[in-house]
Amino acid sequence: MATKDYVKRGRSPKKPARNNRKAPASGGFPIKWALIALCLVGALGYGLYFLSTSPAPQPQPETVKPKPVPKPQTKPKAKPQEKVLPPKPEEKWRYIEELENKEVQVETKKEQQPTRPYLMQCGAYRSKDQAEQRKAMIAFQGLTSQIKVSQGEKGSWYRVILGPYPQKRKAESDRNMLRRAGIEPCAIWFWE
C-alpha cells in the first residue's frame with residue numbers, strides 16, 4: 001500500500017463559525033407585560049369594590065354574661081361563714097371501684113448469670129509495636145488493656161485484650177465508646 005503525503009496536501013479550509021448569539025431584543029414597547037400588569041390592576045380593583053359593597057359581618061351575641069364583681073365592704077364581718085360543700089356525686093362507672101384495690105402480677109424473666117466472664121479483643125497483630133500502638137490508643141480513652149501473646153500455625157500473634165467483664169452489657173458499652181473514638185473492630189467473647 002502506498003503511503004500518502006499529508007504535508008503536501010495542506011490543511012482543509014476553515015468552516016465558517018456559527019453565530020449562536022441571539023439577536024438583541026428590540027427596544028419597542030413590551031405589550032405582553034403591559035397586558036399582564038393591566039389584568040392584575042383590574043383584579044385588584046374588582047376585589048376592593050367587592051369588599052366595599054358587601055355587608056360587614058354581624059357580631060355573635062354572647063350567651064353567658066359575666067357577673068359584676070361586688071365591691072368589698074368597709075365593715076368587717078364578725079364571724080366568717082362556713083362554706084358547706086355539696087355532697088359527692090354518685091359515680092356512673094364501676095371501674096373506679098374495681099381498679100382501686102386491683103393488683104397486677106407481672107412475671108419477668110430472670111437474667112441468667114454467665115458462668116464465665118467476657119473479654120473484648122480489639123486487634124491481633126504480627127508485630128509487638130502495632131499492638132503497643134493500639135494499647136496506647138485505648139489508654140487515651142481511659143480504659144486499660146493488656147497484650148496477650150498466642151502461638152498459631154503461622155507464628156506468634158499479639159492480641160490486645162480488655163477485660164474480664166462480669167456482664168456483657170459493660171463490655172458492649174466500652175466497645176461503643178471505643179467505636180465512637182474510631183477504634184474498631186472489637187469483638188466480645190467468653191474469657192479463656
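The model shown is predicted, which means the values in this text are computed figures rather than measured ones.
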Next item on the list: For atom CZ of Arg169, decide whether the heavy atoms of other residues, nucleotides or ligands shown that lie under 6.0 angstrom number more than 12.
Entry: no
Mark yes when over 12 heavy atoms from residues, nucleotides or ligands other than Leu51 sit less than 6.0 Å from its CG; otherwise mark no. yes
Minimal non-hydrogen separation, [X] against [Y], with atom names:
X: Gln146; Y: Gly163; value: NE2-O, 4.2 Å
X: Phe29; Y: Ala34; value: CE2-CB, 3.8 Å
X: Ser173; Y: Lys170; value: OG-O, 2.8 Å

Do [X] and [Y] make a side-chain contact, defined as non-hydrogen atoms from C-beta onward lying under 4.5 Å apart?
X: Gln141; Y: Met137; answer: no
X: Ile138; Y: Lys135; answer: no
X: Leu178; Y: Leu143; answer: yes
X: Ile161; Y: Ile147; answer: no
X: Met120; Y: Tyr165; answer: yes
X: Arg134; Y: Tyr125; answer: yes
X: Ser156; Y: Val149; answer: yes
X: Val106; Y: Val104; answer: yes

* Asked: Please walk me through it: do Lys154 and Arg126 pass side-chain contact (heavy atoms from CB on, under 4.5 Å)?
  -> CA-CA 10 Å; Lys154 298 181 180 178; Arg126 286 288 202 177; 3.3 Å; yes
Between the NZ atom in Lys148 and the OH atom in Tyr158, the distance rounded to the nearest 0.5 Å is 15.5 Å
Note to self: Show, in sequence, the C-alpha distance, side-chain angles and deciding distance for Arg175 and Ile188, and conclude whether the side-chain contact (heavy atoms from CB on, under 4.5 Å) test is met.
What the structure shows: CA-CA 9 Å; Arg175 178 172 61 179; Ile188 300 171; 3.8 Å; yes
Tyr118 meets the ring-ring contact (aromatic ring centres under 6.0 Å, His included) criterion, sequence neighbours left out, with Phe190
Are Leu38 and Ile31 co-members of a hydrophobic cluster defined by side-chain heavy atoms under 4.5 Å apart? no
For residues 95-185, the disulfide (SG to SG under 2.5 Å) pairs (sequence neighbours left out) are Cys122-Cys186
